[in-house]
A.B. asks: 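The structure's right below; bear with me while I get my questions together.
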2 protein chains.
Amino acid sequence: MGRRSDHSRDELREIAVAAGHRHMEEVGFAHFSAREVAKRIGYSIGTIYNVFGSYDALILAINGRTLALWRDHLVRRLADVQQDRLRQAIAAYFEFATTHRHAWAAIYDFRLPEDTVPPERYQAEVRAIFDIVVAEVREALPPARQDEAEPLTRSLLATVHGHCVFAMNGTFAILGEKSPADAAWQRVQEAVGILT
Amino acid sequence: MGRRSDHSRDELREIAVAAGHRHMEEVGFAHFSAREVAKRIGYSIGTIYNVFGSYDALILAINGRTLALWRDHLVRRLADVQQDRLRQAIAAYFEFATTHRHAWAAIYDFRLPEDTVPPERYQAEVRAIFDIVVAEVREALPPARQDEAEPLTRSLLATVHGHCVFAMNGTFAILGEKSPADAAWQRVQEAVGILT
DNA sequence: TGATTTATTGGACAGTGTTCAGTATCACGC
DNA sequence: GCGTGATACTGAACACTGTCCAATAAATCA
């Protein structure tokens, strides 16, 4: 067949990413299939490769969307909160991971070939989330120490992430930990408190 | 063919795990192949399934071996160190992840089917590493607080793990973090210091 | 109306995990 | 020595995967 034109190229890309994201949420990275995405949007596997160029690029697009949804969740969660904003941010981290288990895990399950860097769009998505958290951390610091917000935020994000990973992958279950979010919150409080 | 008997069943299992572990180190979880393991030990794919029962069980056996090597590395690294033992432990964490990138990542890339629990042997391997670290954390705490060592260690392990993950998967590169291990060490110092 | 560009297809290829009927070899009882 | 099981091992078959690309249909342009 030839051009079908019910969708522009950008629309088609958008539709494929949306369907791919749903598929990822349902089956997870290990059982994700590009053919299945094609099937779901009513196109053939070849079209997926025409639009995205490679399997990796498709995954990257889907993970990028997950990051955008994650940021969205974080923003909404902080929108009408006055107190304990850092704690709410941690809660949002865990909530998103729990609610979107598979899509969230896919962000970390997928690895680009070595010596390959993610595209600028994707990196921007990561930084966008980071920037939101930096602002919160800065707010929690005394004015004299606010220039330390960025390195501190990197470390605190890693800290929360570690707790979230162990909660999601069963490590904490093996070790008998039952309040991962609380533990993460303690570490964050200590780190911020010591500069106060 | 029939029974070949150059190896007992246990020997064969051992050989397969060793070869599988090497294969994993070379190509990583995404490109790991059970057929390739079979080829490397000079048996057919069927034998792999006879010995391990399933792909998942093979991966679990290989990851179990990685955990054992990791524990070994940690023990050796702490063997003749008097000062800064916690810091050395963190260094050992990062070292092992760096030196065995693929095998280390496979521990977290692989996920058992939902509602499935890893076999007791595997759990014991995880706890063995945990126990080593608990002893170090307890030693670093004042006598009156040593009963808090276990929950604290779970949290600190997660903290260090988070930093290591972000260092290995490129997140820290995107965010401009250049001393992940130092950042992790700071968080650990704070948490331990506050109880001192 | 051609000629050309573009979008889309789906078969072909090499690889995967998984199963299992078939076969070769051993150990043992007679 | 000779059956008779039990055991170890094989590899073809199946349904799937990512990847590529010659063929084709439709839209656009000259």
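Worth knowing before you read on, the calculation uses all heavy atoms, side chains too, and leaves out hydrogens, waters and symmetry mates. The model shown is predicted, which means the values in this text are computed figures rather than measured ones.
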A.B. asks: Go through D:dC9, C:dT18, C:dT8 for me and flag the one nearest to the B:Tyr43 side chain.
C.D. replies: D:dC9
A.B. asks: Can you measure B:Glu11 atom CD to D:dC9 atom P for me and round it to whole angstrom units?
C.D. replies: 11 Å
A.B. asks: Rounding to a whole Å, what distance do you find between A:Glu36:CD and D:dC16:C1'?
C.D. replies: 12 Å
A.B. asks: Let me know, please, whether A:Gly46 or A:His31 comes out on the 5' side of the other along DNA chain D by nearest nucleotide.
C.D. replies: A:His31
A.B. asks: Without decimals, in angstroms, what is the distance between B:His7 NE2 and D:dC9 C1'?
C.D. replies: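 These atoms are roughly 13 Å apart.
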A.B. asks: If I take atom CG in residue A:Asp56 and atom P in nucleotide D:dC20, what distance separates them, rounded to the nearest angstrom?
C.D. replies: 11 Å
A.B. asks: Any Lys/Arg nitrogen of B:Arg87 or B:Asp182 sitting under 4.0 Å from an Asp/Glu carboxylate oxygen of the other?
C.D. replies: yes
A.B. asks: Hey, does B:Leu12 reach any base, or is it just sugar-phosphate, or nothing, if we go heavy atoms under 4.0 Å?
C.D. replies: sugar-phosphate
A.B. asks: Under 4.0 Å, counting only non-hydrogen atoms across every strand here, what does A:Ser44 touch: a base, just sugar-phosphate, or nothing?
C.D. replies: base
A.B. asks: In whole angstrom, give the distance that lies between atom CZ of A:Phe32 and atom P of D:dC16.
C.D. replies: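 Going from CZ in A:Phe32 over to P in D:dC16 covers 17 Å.
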A.B. asks: Please confirm whether the backbone N or O of B:Pro113 pairs with a side-chain atom of B:Thr116, one donor and one acceptor, at under 3.5 Å?
C.D. replies: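 Confirmed, B:Thr116 side chain pairs with B:Pro113 backbone.
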A.B. asks: Between the base of D:dT7 and the side chain of B:Arg9, is there a donor-acceptor distance below 3.5 Å?
C.D. replies: no
A.B. asks: Could you please name the option among C:dT8, D:dA12, D:dC9 that lies closest to any side-chain atom of A:Asn50?
C.D. replies: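 Taking heavy atoms from C-beta onward, the closest nucleotide is C:dT8.
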A.B. asks: B:Met24 versus B:Ile59: any side-chain heavy-atom pair under 4.5 Å?
C.D. replies: yes
A.B. asks: In whole angstroms, how far is the P atom of D:dC16 from the CD1 atom of A:Ile45?
C.D. replies: 15 Å
A.B. asks: Report yes if some heavy atom in the side chain of A:Trp104 is under 4.5 Å from a heavy atom in the side chain of A:Asp109; otherwise report no.
C.D. replies: no
A.B. asks: I need the CZ-C1' distance between B:Arg13 and D:dA8, as an integer number of Å.
C.D. replies: 16 Å
A.B. asks: Whole Å only: how far is the CD1 atom of A:Ile48 from the P atom of D:dT17?
C.D. replies: 13 Å
A.B. asks: Base, sugar-phosphate, or nothing: which does A:Tyr55 touch, judged by heavy atoms less than 4.0 Å apart?
C.D. replies: sugar-phosphate
A.B. asks: Given C:dT9, D:dC9, C:dA12, identify the nucleotide with an atom nearest to the side chain of A:Arg35.
C.D. replies: C:dA12
A.B. asks: Can B:Tyr108 and B:His161 be said to form a side chain to side chain contact (heavy atoms under 4.5 Å, CB included), step by step?
C.D. replies: CA-CA 11 Å; B:Tyr108 305 101; B:His161 180 71; 3.2 Å; yes
